[in-house]
Amino acid sequence: MDIDRELNPEQARAVRQTEGPVLILAGAGSGKTRTIVYRMAYLLTEMKVAPWNILAVTFTNKAANEMKERIREMAGNAAGQMLVSTFHSACVRILYSNARKLGYPEKFEIADTTDQKSIIKNVYKKLQIDPKKQPEKMTLNIISGAKDELLSPEDFERVNYGDPYMERVAGIYREYQKTLFSNGMMDFDDLIMNTVRLFREFPDVLDHYQERFRYISVDEYQDTNTSQFELIRLLSDKYKNICVVGDDDQSIYRFRGANIYNILDFEKHFPGCCVVKLEENYRSTENILNAANAVIKHNSERKYKSLWTAGDKGERIRFRQLSDPTAEASFIADEIRTKKERGERSYGDFAILTRTNIQSKELEDALRVRSIEYDVVKGLRFWDTKVIKDLTSYLLTVDNALNDIRVIRIINLPKRGIGDASINKISVFAAANGLSFFDALSRIEYVGGVPAKAKAAIRDFYEMILRIRASSKNMGFSGTLNRILEETGYMDYLFMEAETPDRYKEEKEYIEKLRETLDAYENEAEEPDLTDFMRQNGLEGSNLDKEGGDSKDKVLIMTMHNAKGLEFPEVYMAGMEEGLFPGYAAINSEDPLAIEEERRLCYVGITRAKESLTLTAARSRMAKGEWRFASASRFIKEIPKELLNMSTTPEATERKEKIFPINREEAERAFERIPPAFSPGFKKRSIAAIKKGSEIEKVLPAYKEGDRVMHFKQGEGTVLSIRDGGRDYEVTVDFDKTGVRKMFAGFAKLKKI
DNA sequence: CACAGGTCTCTTTTT
DNA sequence: GAGACCTGTG
């Protein structure tokens with residue numbers, strides 16, 4: 001390892017400064033990961049630090065695995081004994097052997113978002129709170145925020161004393177926490193908060209971990225919240241070897257409690273710390289960097305930092321505004337295809353970044369139609385899928401049935417004739433008699449007000465679980481899973497419920513995947529245990545499509561949040577519109593920092609691009625059930641004109657926008673001239689309006705019989721015939737994928753290819 | 001009381 | 001396009 005040759009002077013300084021607090025302010029693309037990896041390897045090989053004395057915390061599992069791999073490459077297998085993990089996984093590990101001290105069962109479970117929702121619903125029922133007056137989501141946000149600030153229900157109540165609204169929320173919080181606790185569950189925030197509690201209340205435990213983790217590093221430090229800060233502060237308090245790496249300009253998780261002052265005030269929190277700034281960028285062209293710098297300069301709350309590169313200026317940043325999301329997607333897809341066909345790029349060189357997950361649909365359609373290979377980095381997680389939640393709930397119920405939430409989830413699934421009313425009665429009965437929900441089932445005859453039919457079904461259910469439990473003793477997890485599927489008729493249920501055959505197929509694949517994961521775990525674990533299995537896997541945001549490895553040559557579609565830490569030769573940022581990016585919420589927020597967060601997200605997006613960056617926007621977009629016109633994002637205007645290459649100026653767009661009518665009727669008429677025709681969100685009302693009011697322009701198509709054409713949804717096909725159909729020309733096309741179809745030329749928008 | 005089928009609402013971002 | 005909510009029927 002030749003540090004001075006392989007690293008720049010600042011990076012080298014960060015690597016050698018192993019003792020004491022260190023703050024590495026690492027701009028985007030400044031070789032941050034490289035620096036951390038060298039630092040770890042340096043600790044291991046030069047400083048002879050034992051690998052188990054090193055803790056490296058990241059935010060995502062992906063980042064953790066990547067880092068582990070790269071350290072292993074440099075420092076050999078000893079790296080395997082370091083603890084490189086996410087905050088949440090590290091806490092689970094620590095809590096694993098200490099949960100009892102806090103009164104939790106050893107087999108505590110993790111409550112994911114779905115569990116949180118069902119728990120809060122129960123609480124609402126119990127406290128008779130109307131979800132319309134107090135949306136569950138908002139309550140959960142407040143509770144999560146309180147936990148991020150390490151406030152217990154009692155603390156929270158004290159802090160908000162005298163505020164009737166917050167006092168009410170405090171009541172919900174208390175009940176919510178009670179429910180979690182009595183079911184032996186911790187939500188994501190509890191994992192951190194309880195670890196901090198553990199350290200505070202049990203100094204010997206803290207001391208043990210302080211001795212264990214003598215060298216600590218935290219990646220993406222700008223995204224830490226107060227509880228995470230306290231956690232690492234406690235852990236590092238003895239040896240003070242704490243190295244944090246981050247970029248205040250890339251702090252994009254304020255909505256989940258990230259406290260940007262953790263990084264801005266690091267020097268205050270850890271006096272005498274060493275600060276290293278990495279500003280040389282090795283990723284992007286100068287134009288891209290200048291654009292990023294220009295945008296982020298508009299933020300007030302930041303440490304001054306400016307990226308520079310020794311590399312080329314590169315091409316200008318392109319901005320294109322299209323009529324609607326469909327046109328926007330087509331534009332991007334056409335470009336990608338052209339560049340691929342010219343042999344300039346392969347699909348894997350491209351990423352399309354969006355602000356929201358929903359935007360991906362339109363983009364997917366456009367790519368699919370052109371047979372472009374793509375992948376969506378999805379927000380939907382495997383463990384949150386309904387099918388998987390159902391089946392794991394069954395598995396855990398068969399295993400221990402200690403968790404009421406899970407039993408209630410499956411008791412009437414598939415439908416057995418056990419309704420909400422009966423379930424409520426049993427819950428009340430169970431609470432009154434100090435029984436778990438499941439144990440209450442065995443005394444169903446004593447529960448009043450439950451119809452005989454339901455009672456019979458409940459008895460059957462109870463016995464079925466016991467039966468499966470008995471037989472599961474001598475079969476593996478996947479054997480038990482099979483029994484569950486057989487006994488419950490779950491597959492038939494799925495088949496009946498599935499909206500489409502494809503959906504059913506997909507769900508079957510999920511189950512197959514669950515089986516594989518169970519088998520893999522059972523083969524590896526010393527003492528296989530389902531609760532442990534869930535804790536290990538439930539935290540992993542594993543995407544469904546991770547098979548095949550990264551060798552796939554595919555265009556990636558993802559949100560900008562998901563893109564953090566990645567880089568691509570060509571980046572498209574779609575939906576650069578006021579109202580979408582920055583979003584309405586941020587624009588309307590009275591907190592000026594809301595816009596700053598959006599701007600940082602924009603900065604993250606821009607700095608993903610290595611060579612080429614294209615920003616696109618749609619002039620109209622469906623939002624909240626109606627079509628709305630949007631002007632170009634303010635972020636576009638913040639990029640100096642000389643860096644931009646655009647078809648229209650943002651100002652021109654604004655002028656155009658002013659000509660657009662404002663009331664609905666006029667808007668709809670105007671809209672007819674911008675035909676996103678069959679886009680999925682196209683509501684009945686608008687179609688009716690079009691049919692009634694407008695004549696579709698009758699133009700002789702630009703293609704003739706025998707020509708190959710492209711339809712935005714059906715894909716490519718051959719024109720069989722063109723007939724004058726009165727109001728419009730009627731075209732018959734034989735599509736390669738979907739066969740012969742007749743359509744009107746004005747609507748179909750066929751393109752000759 | 002259970003359930004099917006309909007309507008309405010709402011979509012930022014995630015461990 | 002999913003999930004919550006409402007209504008009529010058995």
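Computation of the quantities below employed the complete heavy-atom set of this structure, encompassing side-chain atoms and omitting hydrogens, waters and symmetry-equivalent molecules. Throughout, protein chains are lettered first and strands after them, A, B, ... in sequence-line order, and every chain is numbered starting at 1.
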Output the single nucleotide from [options] whose closest atom is nearest the side chain of [X].
X         : options                  : value
Thr356(A) : dT14(B), dC3(B), dT13(B) : dT13(B)
Thr559(A) : dC3(B), dT14(B), dC1(B)  : dT14(B)
Asn412(A) : dT13(B), dC1(B), dC3(B)  : dC3(B)
Pro451(A) : dG1(C), dT11(B), dC1(B)  : dC1(B)

How many Å lie between [atom1] on [X] and [atom2] on [N], as a whole number?
X         : N       : atom1 : atom2 : answer
Leu413(A) : dA4(B)  : CG    : P     : 12 Å
Arg254(A) : dT14(B) : CZ    : C1'   : 16 Å
Ile411(A) : dA2(B)  : CD1   : P     : 11 Å
Phe188(A) : dT14(B) : CZ    : P     : 12 Å
Lys125(A) : dC5(C)  : NZ    : C1'   : 14 Å
Gln134(A) : dA4(C)  : CD    : P     : 17 Å
Leu593(A) : dT13(B) : CG    : P     : 21 Å
Tyr584(A) : dT13(B) : OH    : P     : 16 Å

Side-chain ion pair, Arg416(A) and Asp460(A), N-O less than 4.0 Å:
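Not counted as a salt bridge, because no side-chain N and carboxylate O are separated by less than 4.0 Å.
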Examine Arg535(A) relative to Phe108(A) and say whether NZ or CZ is less than 6.0 Å from the centre of the six-membered ring and inside a 45° cone about the ring axis.
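Yes - Arg535(A) lies over the ring of Phe108(A), closer than 6.0 Å to its centre and within 45° of its axis.
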Test ring-ring contact (aromatic ring centres under 6.0 Å, His included) applied to Tyr176(A) and Tyr173(A), step by step:
CA-CA 5 Å; Tyr176(A) 168 81; Tyr173(A) 179 16; 7.1 Å; no
NA contact type, [X], heavy-atom cut-off 4.0 Å: base, sugar-phosphate, or nothing?
X         : result
Ser422(A) : sugar-phosphate
Lys453(A) : nothing
Phe59(A)  : sugar-phosphate
Lys425(A) : sugar-phosphate
Gly583(A) : nothing
Asp189(A) : nothing
Lys121(A) : sugar-phosphate
Gly257(A) : nothing

For the backbone of Ser620(A) and the side chain of Asp324(A), can you confirm whether one donor and one acceptor N or O come within less than 3.5 Å of each other?
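No; judged by distance alone, with no hydrogens or angles, the pair does not exist.
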So, does Asn562(A) get its side chain near the phosphate of dT13(B), meaning an N or O under 4.0 Å from OP1 or OP2?
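Result: no.
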Any side-chain N or O of Asn357(A) under 4.0 Å from OP1/OP2 of dT11(B)?
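No, because none of the side-chain N or O atoms of Asn357(A) sits under 4.0 Å from OP1 or OP2 of dT11(B).
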Closer to the 5' end of DNA chain B via nearest nucleotide, is it His561(A) or Gly417(A)?
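Here Gly417(A) is the residue nearer the 5' end.
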Taking the nucleotide of DNA chain B with the nearest heavy atom to each, does Gly419(A) or Ser89(A) sit closer to the 5' end?
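Residue closer to the 5' terminus by nearest nucleotide: Gly419(A).
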Can you tell which of Glu578(A), Glu577(A), Glu598(A) makes a salt bridge (charged side-chain N to carboxylate O under 4.0 Å, His left out) with Arg634(A)?
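Only one option passes, and that is Glu578(A).
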Going by the angle between their ring planes, with limits at 30° and 60°, are His561(A) and Tyr253(A) parallel, tilted or perpendicular?
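If you compare the ring of His561(A) with that of Tyr253(A), the planes turn out tilted.
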Does the structure show Tyr253(A) stacking with dT14(B), if we require the centres to be closer than 5.5 Å and the planes to be within less than 30 degrees of parallel?
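So no, this residue does not stack on that base, at least one cut-off failing.
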